[in-house]
There are 2 protein chains.
Amino acid sequence: MLRIAKLTDYATVVLATLAERPGAHASATELATLARLEPTTVSKVLKTLAQAGLVESRRGAAGGYRLGRAPEAISVADVIVAMEGPIGLTECQLHVGLCHHEGHCGIRGNWQKIGVAIETALQSVSLADLVPGRRRPTAIPSVTLPAEVPGAER
Amino acid sequence: MLRIAKLTDYATVVLATLAERPGAHASATELATLARLEPTTVSKVLKTLAQAGLVESRRGAAGGYRLGRAPEAISVADVIVAMEGPIGLTECQLHVGLCHHEGHCGIRGNWQKIGVAIETALQSVSLADLVPGRRRPTAIPSVTLPAEVPGAER
DNA sequence: TCAATCAGGACCCGAATGGTACCATTTGGC
DNA sequence: GCCAAATGGTACCATTCGGGTCCTGATTGA
């Protein structure tokens, strides 16, 4: 487990397809053909991505979608956040007050730090890194877990 | 999103509770009281953890559970794997052949590397680090994404 | 022998997910 | 001016999954 949703996976594929044809607008059906996905599903994904600003849409005839930013400026974390909302391993990481164990749960702060570390890792990988053969980075910046993970703030 | 299941969260709390009383066996109901969780839920969690070897069980009167290994030897990744199965962000990361896009999907290998990076990060945090006030590590080992993330193996 | 405790299912309910369909709106071209 | 193409938005449904509860059997110590 610890999966991302299928739609999020599709989103990365669609975005990668878009990254291979920069500038021009591509329709949802066209992208679906290229990515070999269901047109309706691709359309749904693109709508969500457009709301997040990751793709720009143009309506009407000869409309379609194109990347909202350069592939290097779109991280995997951006895609996940756009499709699934804020990244947080636990519920209490996002919404304070919902969990009635907050008062005595000593490991809450640690989960938050772990989540931050994962989010940082996902932010360090850009869409350009995912597109096959487009860019070939020599190395990915190293990711460090935030120091002192112990039960600090309680 | 990108959440862990609630039961996994409970598992860390229960394990942390167990870590605070090393050696002695504690019953499921006793642990539930300490962790302020439902006894039946705690029992369910403990059964799963016992199957994975993270806790040792003793049946009968005066039975109960205790940690199977030292808290330092139990990582957050171990807990997640025990409760939810292998860590994998995407379906194709775990089961080859299920996805009919494998042949032409260029970003599959990259997702795998991202998953490995996250798993490594989770493995670097032990149960001892989660228990409040028990150990206070000066720093957590840095985690580096595996080099060359480009669409290599295709 | 009995009570306490774990082991292992079976079961149910609610929520989330994936997928589809429908209609309104916008745009460009004939 | 009209029509086709395309997105925007919403609603809907089937399925799966997670969380929680309950029951019965096996084991152990007093």
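Only this structure's heavy atoms are used, side chains among them; waters, hydrogens and symmetry mates stay out. Throughout, a chain's letter reflects where its sequence line sits, starting with A, and its residues are numbered from 1.
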OP1 or OP2 of dG18(D) versus the side-chain N and O atoms of Tyr10(B): is any pair under 4.0 Å? no
Nearest heavy atom decides the nucleotide; on that basis, is Ile4(A) or Gly63(B) closer to the 5' end of DNA chain C? Gly63(B)
When rounded to whole Å, the CD to P distance for the pair Glu56(A) and dT7(D) reads 14 Å
Once you apply a heavy-atom cut-off of 4.0 Å, does Leu7(A) come out as touching a base, just sugar-phosphate, or nothing? sugar-phosphate
With no hydrogens and no angle check, just 3.5 Å: does a side-chain donor-acceptor pair link Gln123(A) and Ser75(A)? no
Rounded to whole angstrom units, what separation is found between the CZ atom of Arg3(A) and the C1' atom of dT17(C)? 14 Å
note: Leu37(A), atom CG; dG18(C), atom P; distance rounded to Å ~ 13 Å
What residues form a side-chain hydrogen bond (donor to acceptor under 3.5 Å, both in side chains) with Arg58(B), not counting sequence neighbours? none
Listed nucleotide nearest any side-chain atom of Ala28(B), set dC6(C), dT7(D), dG20(D): dC6(C)
What string of B, S and - do you get for nucleotides 23-30 of chain D 5' to 3' if you count protein non-hydrogen atoms under 4.0 Å? --BBBBS-
Before accepting this row, confirm whether a basic side-chain N of the pair Arg69(B)/Asp78(B) lies closer than 4.0 Å to the acidic partner's carboxylate O. yes
Ile4(B) vs Trp111(A), test: side-chain contact (heavy atoms from CB on, under 4.5 Å). Steps then yes/no. CA-CA 11 Å; Ile4(B) 59 172; Trp111(A) 269 119; 3.6 Å; yes
Would you give me the side-chain donor-acceptor pairs under 3.5 Å for residues 37-57 of chain A, sequence neighbours excluded?
| from | atom 1 | to | atom 2 | distance (Å) |
| --- | --- | --- | --- | --- |
| Thr48(A) | OG1 | Lys44(A) | O | 3.2 |
| Glu56(A) | OE1 | Arg66(A) | NE | 3.2 |

Leu18(A) CG to dT7(D) P, in whole Å, measures 11 Å
Using whole Å, report how far CG of Leu31(B) lies from P of dT5(C). 12 Å
Distance below 4.0 Å between Gln51(B) side-chain N/O and dG8(C) OP1 or OP2: yes
Distance check, rounded to the nearest 0.5 Å: Leu34(A) atom CG versus Thr17(A) atom OG1? 6.5 Å
Return the value, rounded to whole Å, for the distance between atom OH of Tyr65(B) and atom C1' of dA4(C). 13 Å
Measuring from the side chain of Glu38(A) (C-beta onward, heavy atoms only), which nucleotide among dG18(C), dT20(C), dC6(C) has the closest atom? dT20(C)
What's the verdict on side-chain contact (heavy atoms from CB on, under 4.5 Å) for Val76(A) and Thr12(A), showing C-alpha distance, side-chain angles and the deciding distance? CA-CA 8 Å; Val76(A) 173; Thr12(A) 60; 5.5 Å; no
Between Ser57(A) and Lys44(A), which is nearer to the 5' end of DNA chain D once each is assigned its nearest nucleotide? Ser57(A)
I want to check one thing: is the phosphate of dT20(C), taken as OP1 and OP2, less than 4.0 Å away from some side-chain N or O of Thr40(A)? yes
Nearest whole Å is fine: how far is dA7(C) C1' from Leu49(B) CG? 14 Å
Lys6(B) NZ - dA16(C) C1' separation (whole Å): 13 Å
